[in-house]
Number of protein chains: 2
Amino acid sequence: MELVQASGAATLPLNEIICGDCIEVMRALPEASVDLIFADPPYNLQLKSELHRPDNSRVDAVDDDWDRFASFEDYDRFTRDWLSAARRILKPNGAIWVIGSYHNIFRVGATLQSLGFWILNDVIWRKSNPMPNFRGKRLTNAHETLIWASREEGAKYTFNYEALKALNDGVQMRSDWVLPICTGHERLKGEDGSKAHPTQKPQALLHRVLVATTNPGDVVLDPFFGTGTTGAVAKMLGRDFIGIERDEGYVKLARRRIADVRRLDRAVLEVSSSRRAEPRVPFGQLVERGLLRPGEVLVSVSGKTAKVRADGTLVAQDVKGSIHQVGAALEGAPSCNGWTYWHFRRDGQAVPIDVLRQQIRAEMN
Amino acid sequence: MELVQASGAATLPLNEIICGDCIEVMRALPEASVDLIFADPPYNLQLKSELHRPDNSRVDAVDDDWDRFASFEDYDRFTRDWLSAARRILKPNGAIWVIGSYHNIFRVGATLQSLGFWILNDVIWRKSNPMPNFRGKRLTNAHETLIWASREEGAKYTFNYEALKALNDGVQMRSDWVLPICTGHERLKGEDGSKAHPTQKPQALLHRVLVATTNPGDVVLDPFFGTGTTGAVAKMLGRDFIGIERDEGYVKLARRRIADVRRLDRAVLEVSSSRRAEPRVPFGQLVERGLLRPGEVLVSVSGKTAKVRADGTLVAQDVKGSIHQVGAALEGAPSCNGWTYWHFRRDGQAVPIDVLRQQIRAEMN
DNA sequence: TACCGTTTTGAATCCAAGG
DNA sequence: TCCTTGGATTCAAAACGGT
């Protein structure tokens, strides 16, 4: 790692993963240099014993060393240290996201406030497919909490209101986000087929965070990088990233993963900035959930084409906007139902995008 | 208020509203006397206008961080004080609920943990009809957070799992609850038609809290009683309540409100309970009563067999012991429910031995 | 291939009574 | 208080395997 230029001023290791303790590494970075920090710190779960499912299979719990703290005081000290270091390297108008569960999020939130961060929202990630409570002793722990905070009160933080509104089908985005947990092909596996990292976050979550609170070209730092979800999504969305991770194995995995990610075109990354008519269904969720990729080409029965953008709008030759607007423009029609008008290609077939909407609706009940 | 009996022991002012400061009032109540506390504390952190240190000396607004920290300290002290007083009057197996928003809930949660309370769940009240964000500068704040905690780790808290499962269409209740905010007839109005209390909670929220974590006859205390939603729902559900409220106007309003509430019949208040609550029937009774004969062969679904012995133990090839022990050993499992594992033969059919237990329980009524 | 039933799994502070 | 033992307890989604 080379952080010091000839001039003596420290410089930024953009789009790199630094292996080391995040507090030390952040202290070596230049102050006021980062636009956004996304942090997924250890939760301090304090698990006491093994847990079995009703079918007697064992639950693979988070029992890693990095999640063990001797006491709340220890955890508070750790939290104060890394948050202080994070605050120093944030630009004045920068912001931070921290995700956690009830085990740690209250301590994180209180420390954020005490250090002078200004909480903008707490956001609930409602899991559509959480792990149930096997013993029937509590409520299903079906959510995690994210805190979004600016560096200080009164700062001019970035918030792409219209883009999030577009992602949410034309109505303003709420503080509760329904997203599935990270499974399937997206979940990185070790050589033995087991999960590579115990707490990998879904890309859809980072997608929404980065579209909401950064612009293309911004620098996003993740001090608990893990297998690099933040970096992968940042690269895809045309943001620069800095990853810090203590475990060398995770670093290697993340480097390979991010190398395979393709940066999206600039035109695709542009997000809505003007008020538009309100579509009826959140097409943007198809993009967030990866059912459609930003940059993917949709076709109509009449042969017109358009590209999907990161915020769930479309761009064709001369038009951009919602699926309905672009369809109407291309047909010279007063209106158009984009859900039946647009198709995507799968296995040589043109399939209406409405199929994907139905799929999401089925998942959400 | 009369809290002291002739004997000198303090007694409980059941189904009364006490007008006064909740910390003082709780300190005057007998310790370990309350089953549940529901609290909706104020979160007026007064960050912008608060220009006074804890000792009331004025702060020149030079060091913003220090000023902010000072006022958080004030709020933390207040939180510690009322939570400590609350903890003292809780029964050992009692529990507490606190509701709040991102302004205060992190400080409340951290203090709860530091005082020794043991968090069981954080619950998200997802508002189906939240107030929109008018300025478009943040996400719609569409939820509030509740924390459910037992008095200490390892305590035997009350949780009516089956009742909540029934409330949720037969699948276990999750940590996110979708409920509308309090409006319409339920919302208390002043004489001029304006809302009587700024933060009146919906009865549905209290209904779910009380059904989940209390039983009929339990004592529920609310230290920030307001217009008495907790008392109204408690009375309706056949729980006793104690309300503490500083504002005399709210106290009067709450008294009138609760007087109009009708207590539900006992039969209606019964909720579904789990099998765990049913009387224990030793397997040996099946043999004693002749429902199974010594020497009879039991079979499992997986095809294992074992013989019943006269003392109510089983013997298989290499193992002998209880129905559970032998089942676990044969399956190589850490545990096994012998009641559902083992079957006996009747008319060519394999019938679970649990059927015989249910038969005995029915006779016992 | 397509379909259908089975198996696996996910940041979890996950038992209670009796001796 | 510790130790033993009885016996109660799961939802959604994706992967997997067989026809």
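Just so you know, these numbers use all the heavy atoms, side chains as well, and skip hydrogens, waters and symmetry mates. In the text below, chain A, chain B and the rest are named by the order of the sequence lines, each starting its count at 1.
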| message | Within the 4.0 Å heavy-atom criterion, would you say A/Pro130 contacts the bases, only the backbone, or no part of the nucleic acid? | response | base

| Base, sugar-phosphate, or nothing: which does B/Thr340 touch, judged by heavy atoms less than 4.0 Å apart? | nothing

| request: May I ask you to say what A/Ser101 touches in the nucleic acid, namely base, sugar-phosphate or nothing, with a heavy-atom cut-off under 4.0 Å? | output: nothing

| said: Determine whether a donor-acceptor pair (N or O, by modelled atom type, separation under 3.5 Å) exists between the side chain of B/Trp342 and the backbone of B/Ile323. | reply: yes

| Residues from residues 146-170 of chain B lying under 4.0 Å of DNA chain D - heavy atoms | B/Tyr161, B/Glu162, B/Lys165

| request: If the plane angle is over 60° it's perpendicular, under 30° parallel, otherwise tilted; pick one for A/Phe225 and A/Phe241. | output: parallel

| Looking for any heavy atom pair under 4.0 Å, which part of the strands does A/Glu50 touch: base, sugar-phosphate only, or nothing? | base

| field | Nucleotide nearest A/Arg187 when distance is taken to its side chain, options D/dC11, C/dC14, C/dG10 | value | C/dG10

| Roughly, in whole Å, what's the span from OH in A/Tyr43 to P in C/dG10? | 15 Å

| Residue A/Lys195, side-chain heavy atoms: nucleotide from C/dA16, C/dG10, D/dT5 that is nearest | C/dG10

| message | Determine whether a donor-acceptor pair (one donor, one acceptor, N or O, separation below 3.5 Å) exists between the side chain of A/Lys127 and the base of D/dA13. | response | no

| query | When you check the gap from the basic side-chain N to the acidic O, do B/Glu278 and B/Arg357 get nearer than 4.0 Å? | reply | no

| task | Would you mind reading off the distance between A/Gln200 atom CD and C/dT9 atom P, rounded to a whole angstrom? | result | 16 Å

| query | Taking the nucleotide of DNA chain C with the closest heavy atom to each, which residue, A/Thr183 or A/Phe72, is nearer the 5' end? | reply | A/Thr183

| request: Under 3.5 Å for both distances, Watson-Crick or G-U wobble, that's the pair rule; now give the dot-bracket for DNA chain C, with | marking pairs to another strand and [ ] for crossing ones. | output: .|||||||||....|||||

| Where the side chain of A/Leu47 is defined as all heavy atoms beyond and including C-beta, which of C/dA12, C/dG10, C/dA11 is the nearest nucleotide? | C/dA12

| said: I'd like to know if A/Asp60 pairs up with A/Lys195 as an ion pair, taking the criterion as any Lys NZ or Arg NE/NH1/NH2 lying under 4.0 Å from an Asp or Glu carboxylate oxygen. | reply: yes

| task | Choose from C/dA11, D/dT10, C/dA12 the nucleotide whose nearest atom is closest to any side-chain atom of A/Ile181. | result | C/dA11

| query | Which part of the nucleic acid does A/Pro41 contact within heavy-atom distance under 4.0 Å: base, sugar-phosphate only, or nothing? | reply | base

| note | Per atom distances to the A/Lys201 side chain, the nearest of C/dA16, D/dA8, C/dA11 is C/dA11

| Are A/Arg53 and A/Asp55 within salt-bridge range, i.e. N to O under 4.0 Å? | no

| query | Which whole-number value in Å describes the distance from A/His52 NE2 to C/dC14 P? | reply | 14 Å

| request: Give one of base, sugar-phosphate or nothing for A/Cys182, where a contact means two heavy atoms less than 4.0 Å apart. | output: nothing

| message | Under 3.5 Å, is there any donor-acceptor pair linking the side chain of B/Arg280 to the base of C/dG18? | response | no

| Where the side chain of A/Trp66 is defined as all heavy atoms beyond and including C-beta, which of C/dA16, C/dA11, D/dA13 is the nearest nucleotide? | C/dA11

| request: Map A/Asp55 and A/Gly184 onto DNA chain D by nearest heavy atom, then report which one ends up closer to the 5' terminus. | output: A/Asp55

| remark: The answer to which of A/Met131 and B/Cys336 contacts DNA chain D further toward the 5' end, by nearest nucleotide, is B/Cys336

| query | Nearest of C/dG10, C/dA12, D/dG6 to any side-chain atom of B/Gln325? | reply | D/dG6

| query | So which pairs with a foot in residues 109-124 of chain B pass side-chain hydrogen bond (donor to acceptor under 3.5 Å, both in side chains), sequence neighbours left out? | reply | A/Arg107-B/Gln113, A/Arg107-B/Ser114, A/His143-B/Asp122

| request: Would you mind reading off the distance between A/Asp63 atom CG and C/dG10 atom C1', rounded to a whole angstrom? | output: 14 Å

| Gap in Å between the two P atoms, one belonging to D/dT5 and one to C/dC14, rounded | 23 Å

| query | Taking atom C1' in both C/dA11 and D/dA8, what distance in whole Å separates the two? | reply | 25 Å

| field | B/Val211/B/Leu164 under side chain to side chain contact (heavy atoms under 4.5 Å, CB included): CA gap, chis, key distance, verdict | value | CA-CA 8 Å; B/Val211 167; B/Leu164 255 69; 4.2 Å; yes

| said: At 4.0 Å (heavy atoms only), tell me whether B/Arg357 reaches a base, stays on the sugar-phosphate, or touches nothing. | reply: sugar-phosphate

| request: Could you check how far CG of A/Leu291 sits from P of D/dA13, rounded to whole Å? | output: 12 Å

| To the nearest angstrom, how far is A/Lys189 atom NZ from C/dT9 atom C1'? | 10 Å

| message | Between the side chains of B/Glu153 and A/Lys48, is the shortest nitrogen-to-carboxylate-oxygen separation below 4.0 Å, so that they form an ion pair? | response | yes

| So what does B/Ile119 touch, heavy atoms closer than 4.0 Å: a base, only the sugar-phosphate, or nothing? | base

| query | In terms of the nearest nucleotide of DNA chain C, which residue is placed more toward the 5' end: A/Lys137 or A/Pro198? | reply | A/Pro198

| remark: B/Arg361 has its side chain closest, among D/dT10, C/dA12, D/dA8, to D/dA8

| task | Ignoring the backbone of B/Ser335, work out which of C/dC14, D/dG7, C/dG10 is nearest its side chain. | result | D/dG7

| request: Please work out whether the ring planes of B/Trp177 and B/Trp97 are parallel, tilted or perpendicular, with thresholds of 30° and 60°. | output: tilted

| said: Counting the benzene-type ring for Trp, do B/Tyr157 and B/Trp148 have ring centres under 6.0 Å apart? | reply: yes

| task | Have a look at B/Asn337 and say if it touches a base, only the backbone sugar-phosphate, or nothing, with a 4.0 Å heavy-atom cut-off. | result | base

| said: Closest approach to the side chain of A/Arg135, judged atom by atom: which nucleotide of C/dA11, D/dT10, D/dG7 is it? | reply: D/dG7

| note | Taken to the nearest whole Å, CZ/A/Arg126 to P/C/dG10 is 23 Å

| With sugar-phosphate meaning primed atoms plus P, OP1 and OP2, does A/Arg138 contact a base, only sugar-phosphate, or nothing at under 4.0 Å between heavy atoms? | base

| task | Find out whether A/Pro41 and A/Val98 are in side-chain contact, i.e. whether some heavy atom of one side chain is under 4.5 Å from a heavy atom of the other. | result | yes

| task | Salt-bridge test for A/Lys127 and A/Glu144: reply yes if a basic N is under 4.0 Å from a carboxylate O, no otherwise. | result | yes

| task | Could you tell me whether the phosphate oxygens of D/dA12, OP1 or OP2, come under 4.0 Å of any side-chain nitrogen or oxygen in A/Ser128? | result | no

| field | Nearest-Å distance for atom pair NE2/C1', residues B/His324 and D/dT9 | value | 15 Å

| field | Distance-only donor-acceptor check, side chains B/Ser84 and B/Arg80, under 3.5 Å | value | no

| When we call it a touch if two heavy atoms are under 4.0 Å apart, what does B/Asn121 touch: a base, just sugar-phosphate, or nothing? | nothing

